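A short worksheet on the structure shown next.
Note that the structure is predicted; figures quoted are calculated from it, not measured. Order of the sequence lines sets the chain letters (A, B, ...), proteins ahead of strands, with each chain counted from 1.
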Amino acid sequence: VSERPLVAVVDDDISVRESLPDLLQQVGFAVQAFASAEAFLTSDAADATSCLILDVGLPGMSGPDLQRELGHRGKRVPIVFITAKGDKSLQTRLVAAGAVACLFKPFSDTALIEVVEAALGRR
Amino acid sequence: MESDVEPPLESPPDEVTRLRDALNALRAIMARPALWTGGEPPRIVTAALDTLSGIANEVEERVAQHHGELARASEALRDSESNSRLIIDSIPGLVALLTVTGEVDFVNHQILDYTGQTLEELKQWGTNGTIHPDDLPHVVQVFTQSIGSGSPYEIEQRLRRSDGAFRWFQNNGFPLRDVSGHIVRWCVLLTDVDEQKRAEEALRSNERDFKLIIDTIPALVWSARPDGGAEFFNRHYQEFAGLSEEEARDWGWTVLVHPDDQNGLAAAWQRIMASEAPGEAEARLRRHDGEYRWFLFRTNPLRDAEGRIVKWYGINTDIEDRKRAEVDLRRAYDSFADGQRLSHTGNFTADIVVDEHVWSEELYRIFEFDPTVPIRVQAVRDVIHPDDLPSFDAGFARSLGGADFDLVFRIVTGSGTMKHVRAFARVIERVAGRPLFIGAIQDVTETKMAEEALNAARSELAHVARVTTLSTLTASIAHEVNQPLSGIITNAGTCLRMLDADPPNVEGARETARRTIRDGHRASAVVTRLRALFSKREFTLEPMDLNEAIQEVVALSRSDLQRNRVALQSELADSLPNVNGDRIQLQQVILNLLRNASDAMIDVQDRPRQLVVRTERETGDRVRVSVRDAGVGIDAQSANKLFDAFYTTKADGMGIGLSISRSIVERHHGRLWAEPNEGPGATFSLSIPCDAAGMAVASAGE
């Protein structure tokens, strides 16, 4: 199991936390899901994560907040943002700030897997 | 009685006798020569004597003849005097003959009979009370003067009757003269004029009375010649006008007529005179103090035997008070009618049993009934909209029992116009056991139309507000919809991958399919809620659970609130009674309050952005919803302005949210207000009646 890279999913929406892990496990990743940025930061997964799938509009600490926080901590984790708000300028800003990608919900399974693999340097 | 004529002579006159004696003596001398020395008297002497004798004879004869004539004349005179006395005594009047100096010499028996006095007593008429003491001095004066001057007199005087009563007599005295013109007697004729005199006196007294009446009656009395020129004004008229009769005479009085009434009165007067019939007119006359007062002029013509008008009699009655009352009444009526017309309100009284009705003009106008046709209950019922007849009849029945009748119903008039009217009525008294209704009916069609137009505008505005909200909510809508969609797509993709695996992960696929379905429902629910919230629809009242409605709104707002880092706390009361409301509109209000609360806390960094939504039951069967924020708060001054349309504190706001919210709440017979918190922030609350109370309010408006 250990050779399977860990993908962390942080989203307050239950259906995302349920569906994404299934999909990612199905294509061979180890997955951990968190309902908030705070929960992720305080977990063991924070250090073990190879790729972070991060919701933008989280209650409390938002996705970009977490991105900055990780930057402050010196953790360079590839981040794939997902958002239900189709805001192009936000997408541009986030990518410019170092994110691998920003996907607008709803996105296809292949689109997600492509960017996750890209984040992991497999492609 | 003495006659001034000599009585007839029995013997020749003395001169003749003396002549004869002288002749006889001469003849005797001549016959006796002894005495006559001359012899035979000369023939000439005897002839002279014979001639003288002849003359004496002739004289004697003539004198005798003259005496005979005188005797006959004297006889005739005696006869005549006796005749005169007969005549005098038989005259039906009182006659007296007086001497030249005025002493009573003869009276006829009528005088004796009337006075009951003797001739001797009557000679003392100047002192014995025969003449009324009031008349005596005048009588004496006139009588004395007349006797002295010899000219006839005529006096009226009272003469005492034998029984002591005085009667009026006309006393005519005139002198009797002889052939040479000398007064020989006075004749006095006394004619009884008592009745005539009393009639005259009565007439004079009547005239005095009439004059008194005419002068004192409280009216202006006048008379005019047939040409219209005035000739008499009673005292009251003169005093009123401050004009003398001379000044007012002819056309002088017209200076009194008010300038505005001059032409009208002149025309009326000409018309009346031309008609030769009684007539009347009204005009203002100036009083002596300058004040004009209204008068009613009435005049009647007086005609002579030929029917020609000889005079106009008129009377002017002061009708100022009546006129003022008329003016006041007319003004009051006009203002009443204006008020009725302006307010489209008519009033009526109705005696239902005998079907007698009194309607005001405006009521006829509202119902478009012919004012000349008597109103019947059936006619009124005929124009009432059939759908409203049952409630009309029910209200009518209730009001017969003493309840007030207050109903809005529709009528369809003869012209086919439908009108909404509101009727108030009550039984005020019972006439002979019959109820008498008094009431008012207002045409509220315009109000009704305006209300509908206002409602339409309000719906329109609310829609605009919702659309405005919509644009700002697009992100959260997208979020709300995209979340479940995202789950669906991911699940479906996963499902396929599990099925494609070798071996296929059927259990996993089933699980992802199950979640796909669940998320599909979730998306559908979101869409339904959004569609309901943003659709434009009519105002519909229905019993609804406010808690449930609030939960839906909270669900829609949650992500928005989260993004603004607002912590929402719901404190919804258990077993909250239903309200009668328009669910969507009330949700609109609550959504608006939540968004405002969230916006108010956008710049708050130093404290939790706490938002509390609370429901509770108030006393008096009302439900309260309050939304409490910890934002910038409000000051007391702007607390009222907050609800004005287009008042906003937000850079991007239209300022219509709260004004629409308040109008929505008020349509629910509720109120919406804001108040500052004791701590930071403000609380917006709305309070609306519970369902049961709401129904009662709604029915009261019917």
Query raised in the report: Is there any salt bridge (charged side-chain N to carboxylate O under 4.0 Å, His left out) pair reaching into residues 31-54 of chain A, and which pairs are they, with sequence neighbours excluded?
Result: Asp47(A)-Lys75(A)
Requested in this report: First locate atom CG of Asp22(A), then atom SG of Cys495(B), and finally report the distance between them rounded to the nearest 0.5 Å.
Outcome: 10.5 Å
Query raised in the report: side-chain contact (heavy atoms from CB on, under 4.5 Å) with Thr110(A): which residues, sequence neighbours excluded?
Result: Ser108(A), Arg497(B)
Report task. Only counting residues at least two apart or in another chain, list the ones meeting ring pair (Phe, Tyr, Trp, His ring centres under 6.0 Å) with Phe34(A). Result -> Phe40(A)
Query raised in the report: Can you tell me how far CG of Asn505(B) sits from CD of Gln26(A), rounded to the nearest 0.5 angstrom?
Result: 6.0 Å
Query raised in the report: Side chain, backbone, both or neither: which part of Glu18(A) has an atom under 4.5 Å from a heavy atom of chain B?
Result: both
Report task. Give, for atom CZ of Phe107(A) and atom CG of Asn482(B), the distance between the pair rounded to the nearest 0.5 Å. Result -> 10.5 Å
Report summary line: Interatomic distance, OG@Ser15(A) vs CG@Asn491(B), rounded to 0.5 Å, equals 7.5 Å
Requested in this report: Count the heavy atoms of every other residue, nucleotide or ligand shown that sit under 6.0 Å from CD of Gln569(B), and state whether that count exceeds 12.
Outcome: yes
Query raised in the report: Can you tell me how far CD of Gln483(B) sits from CG of Asp55(A), rounded to the nearest 0.5 angstrom?
Result: 6.0 Å
Query raised in the report: Is chain B contacted by the side chain of Val27(A), its backbone, both, or neither, given a heavy-atom distance below 4.5 Å?
Result: side chain
**Report entry** Main-chain N/O of Thr490(B) paired with Asp109(A) side-chain donor or acceptor, under 3.5 Å
**Finding:** no
Report task. Step by step, work out the side-chain contact (heavy atoms from CB on, under 4.5 Å) result for Arg522(B) and Asp13(A). Result -> CA-CA 12 Å; Arg522(B) 196 177 135 199; Asp13(A) 189 88; 2.3 Å; yes
Query raised in the report: Which atoms of Asn564(B) come close to chain A, meaning under 4.5 Å heavy atom to heavy atom: side chain ones, backbone ones, both, or neither?
Result: neither
Query raised in the report: Applying a criterion of heavy atom separation less than 4.5 Å, what residues of residues 511-520 of chain B form contacts with chain A?
Result: Thr512(B), Arg515(B), Arg518(B), Asp519(B)
Query raised in the report: side-chain contact (heavy atoms from CB on, under 4.5 Å) between Gln25(A) and Thr494(B): does it pass, once the steps are laid out?
Result: CA-CA 9 Å; Gln25(A) 281 165 7; Thr494(B) 310; over 6 Å; no
